[in-house]
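A short worksheet on the structure shown next.
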4 protein chains.
Amino acid sequence: MGSTPQARRSDTRERIQKTALDLFVSRGYEKTSLREIAEELGVTKAALYYHFKTKEDILSAISRDLGRPVDELIVWAEEQPPTMETKRELLRRYSVALGSAMPIYHILQENQATLRDLAIGQELRDRVTTISRLMHAGDLAFECHARVASAVMTVHFGAFTLDALGGTAEERREALLEVALDTLAGVRAPDPASALAAGGN
Amino acid sequence: MGSTPQARRSDTRERIQKTALDLFVSRGYEKTSLREIAEELGVTKAALYYHFKTKEDILSAISRDLGRPVDELIVWAEEQPPTMETKRELLRRYSVALGSAMPIYHILQENQATLRDLAIGQELRDRVTTISRLMHAGDLAFECHARVASAVMTVHFGAFTLDALGGTAEERREALLEVALDTLAGVRAPDPASALAAGGN
Amino acid sequence: MGSTPQARRSDTRERIQKTALDLFVSRGYEKTSLREIAEELGVTKAALYYHFKTKEDILSAISRDLGRPVDELIVWAEEQPPTMETKRELLRRYSVALGSAMPIYHILQENQATLRDLAIGQELRDRVTTISRLMHAGDLAFECHARVASAVMTVHFGAFTLDALGGTAEERREALLEVALDTLAGVRAPDPASALAAGGN
Amino acid sequence: MGSTPQARRSDTRERIQKTALDLFVSRGYEKTSLREIAEELGVTKAALYYHFKTKEDILSAISRDLGRPVDELIVWAEEQPPTMETKRELLRRYSVALGSAMPIYHILQENQATLRDLAIGQELRDRVTTISRLMHAGDLAFECHARVASAVMTVHFGAFTLDALGGTAEERREALLEVALDTLAGVRAPDPASALAAGGN
DNA sequence: CATGAATGAGTGTTCATTCAT
DNA sequence: AATGAATGAACACTCATTCAT
């Protein structure tokens with residue numbers, strides 16, 4: 001017990017990620033300089049470059065770590081039939097997954113212009129787009145697409161823009177999920193045949 | 001003493017605003033340098049400083065011009081009683097107002113981190129917050145606040161993140177508004193008395 | 001008389017070129033930092049960037065200015081028939097031209113590795129290569145090509161590597177030119193017919 | 001007690017030299033970083049520092065190994081009387097020696113500016129200067145010095161700048177040596193007495 | 001025999017801003 | 001109404017080198 005037995009070669013890499021994440025969230029990606037990260041950590045800028053190839057690479061590592069729940073969710077969803085029940089479950093799970101992944105989505109959300117031409121920006125956007133694509137899968141009427149979009153936005157944006165709503169984060173999550181599922185309930189199930197075809201893509 | 005009496009001294013100021021807006025939208029606020037704006041316009045950087053005090057000042061001017069519809073909407077809404085009917089109408093009008101004001105909201109949306117500590121950023125956020133506050137006014141149950149939030153997010157974020165939904169911008173707007181109003185329909189009317197108190201804040 | 005009448009808007013650009021040239025020659029291109037150039041001139045690094053787009057651009061400007069005599073020589077030579085007499089005259093003129101252009105060739109000579117992948121490096125090498133090509137033009141026997149190469153190298157490298165030979169720069173130039181012409185004298189004139197064909201390229 | 005008794009501890013030192021040489025030749029001394037060398041070899045930078053004290057030390061070792069033929073040639077030449085026959089033979093042998101030593105001279109040639117203030121740079125230049133001094137030894141007329149210089153330059157620079165001349169490296173070497181010897185033939189033998197005096201220096 | 005971790009000094013480059021003219 | 005010239009502060013990144021293990 002106590003003092004981590006085998007590790008401790010150097011936890012600097014993780015400390016960098018943690019510090020960088022905090023700063024990226026609180027000050028923005030572009031406005032956080034490597035100097036700041038280094039100073040906060042009590043190391044030199046060069047030390048950051050020993051552990052990461054570029055500034056973007058730091059964000060990439062963070063994204064890989066924190067984004068895992070959503071990535072796994074995508075894997076799961078792509079194996080399911082594109083039924084309404086799947087979509088409901090996907091929305092539920094997405095709501096939960098966002099809980100832990102929130103910081104990176106927050107960063108994506110607030111730094112879109114900056115991340116526009118960074119590879120990592122594309123990666124981040126892809127995750128969101130994929131969830132969205134899976135939710136819209138199947139042969140839906142235009143108005144139904146709107147309902148789906150509303151449901152997804154409610155869960156997605158609700159996760160990091162509604163601190164003012166009151167209650168705990170978990171209470172907010174549940175309440176918003178409820179509303180989103182309710183909105184989704186108004187969607188007429190797509191024709192299973194065409195749904196299968198579209199879902200296979 | 002011709003057609004345009006006092007004006008026409010030079011339309012440079014407006015041209016700057018227009019060019020800056022385009023660049024702020026397409027490349028982001030931070031990533032757009034004054035050099036770029038100047039070059040695109042065929043003037044020197046110093047010329048920009050003749051017309052505007054700072055870079056932020058350019059964005060301020062843009063915000064004032066484009067944000068007027070929403071500002072007027074806020075003035076209107078603050079004079080109304082905080083009934084559900086008012087909220088429905090507010091949502092409808094907000095949906096419309098966003099149509100023309102979209103570019104600045106888009107800029108706010110994609111550059112939040114950058115605008116965080118700029119006065120103009122606060123101004124922009126205030127407009128959104130105020131609309132939101134007006135929509136949430138009254139003594140609502142927690143779950144009802146969630147519905148309101150969902151409705152607002154659907155209209156707000158739907159305006160600049162759903163190009164992929166297909167249809168024309170106007171079709172998307174109407175469809176999303178419909179869904180939002182539907183979501184709002186589930187809200188139990190607040191107690192008028194307490195509503196007045198809360199709405200005054 | 002005195003104090004340059006019309007100019008004097010700012011001779012900074014030229015002063016930068018002059019200072020940079022001195023430093024590039026004495027310390028090498030890579031080892032001369034923009035900070036050094038700026039400090040030597042009593043301006044900031046940013047001032048250099050007002051006048052030149054990049055560090056390489058400074059060298060480019062120097063090269064354009066100093067290389068003019070050789071460029072003009074090339075233009076002249078390409079209009080002449082590729083006879084031995086032309087080549088003798090070309091060698092004489094090249095010897096003279098090198099006198100003023102020497103500093104850039106010196107820079108090229110001593111910084112080849114650095115300039116290898118810079119556009120300006122290619123430009124500089126092209127000038128040398130072109131002179132060489134013109135001297136080798138025509139249908140010469142292999143041993144004659146060797147003589148030509150020897151003559152060119154004698155004039156070219158002699159210009160900036162033989163300070164130790166004694167005498168004034170002009171005396172050295174003449175003596176080396178004499179030897180080079182003598183070496184060239186051993187070249188059997190190429191068949192005029194094929195010479196014309198080859199020279200046209 | 002097999003074939004290689006004491007050696008074979010590790011050939012890393014030699015592998016470093018070989019890799020470094022390749023990179024110094026192809027990318028230049030300054031532009032080749034220790035990181036590159038280490039990566040190419042699959043070891044860490046620190047490993048390089050186990051075998052060599054500094055970056056310059058690597059080049060020194062290479063220079064010692066590859067420069068041996070020229071060093072031996074110098075020893076030989078300093079024991080000979082400074083006759084024209086000696087000089088002819090020296091030129092012949094130098095031409096041959098350059099064949100194997102070429103890479104370091106190539107490095108010297110292309111990185112002069114960089115090597116200017118390195119001890120190894122001086123060493124490298126010394127070898128060239130010494131050959132040159134031995135060739136110029138004796139009481140020659142100014143014009144004769146010019147002939148000697150031309151001959152030396154033809155052999156020296158011809159070795160690494162004339163790939164374009166066609167033929168094999170050996171054919172080029174022979175042809176250029178022939179021209180150089182021919183140029184040397186025009187030198188009037190120095191007064192043996194003064195030659196001895198001058199040659200002793 | 002070699003590595004992992006880190007440093008300090010430096011690089012070229014960009015930016016918003018200023019001001020005399 | 002606008003320019004030409006310049007600044008100071010910052011930035012991401014690289015390098016040769018060191019040292020405990």
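Convention: sequence-line order gives letters A, B, ...; per-chain numbering from 1.
Under the side-chain contact (heavy atoms from CB on, under 4.5 Å) rule, B/Phe24 has a single partner from B/Thr19, B/Ile104, B/Thr32, which is B/Thr32.
To the nearest 0.5 Å, atom CD of residue A/Glu123 and atom CG of residue A/Leu59 are 9.0 Å apart. Note: B/Leu41 CG to B/Ile37 CD1 = 8.0 Å, rounded to the nearest 0.5 Å. With values rounded to the nearest 0.5 angstrom, C/Asp71 atom CG is found 7.5 Å from C/Ser63 atom OG.
Nearest heavy-atom pair across B/Leu115 and B/Leu108 is CD1-CA, 4.0 Å.
Side-chain polar atoms of C/Asn111 and C/Glu30 form no donor-acceptor pair below 3.5 angstrom. Residues D/Arg116 and C/Ser26 have side chains that never bring a donor and an acceptor to within less than 3.5 angstrom of each other.
For the contact set between residues 13-34 of chain B and DNA chain F, defined by any heavy atom under 4.0 Å, there are no members. Residues from residues 35-63 of chain B that place a heavy atom under 4.0 Å from any atom of DNA chain F, listed by number: B/Val43, B/Thr44, B/Lys45, B/Ala46, B/Ala47, B/Tyr50, B/His51.
In this structure, C/Lys55 is positioned above the aromatic face of C/Tyr29, its NZ or CZ under 6.0 Å from the six-membered ring centre and within 45° of the axis.
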task: Under the salt bridge (Lys or Arg N to Asp or Glu O under 4.0 Å) rule, what do A/Arg27 and B/Asp117 come out as? Steps first, then yes or no, please.
output: CA-CA 9 Å; A/Arg27 309 180 38 74; B/Asp117 23 63; 5.3 Å; no
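A close approach under 4.0 Å does occur between a side-chain nitrogen or oxygen of B/Thr12 and OP1 or OP2 of F/dA2.
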message: As a check on the pairing definition, encode DNA chain E in dot-bracket form, counting Watson-Crick and G-U wobble pairs whose two distances are under 3.5 Å, and using | for partners outside this strand.
response: .||||||||||||||||||||
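Ionic pairing of D/Arg35 and D/Glu39 is present here: one or more N-O contacts between side-chain nitrogen and carboxylate oxygen are shorter than 4.0 angstrom.
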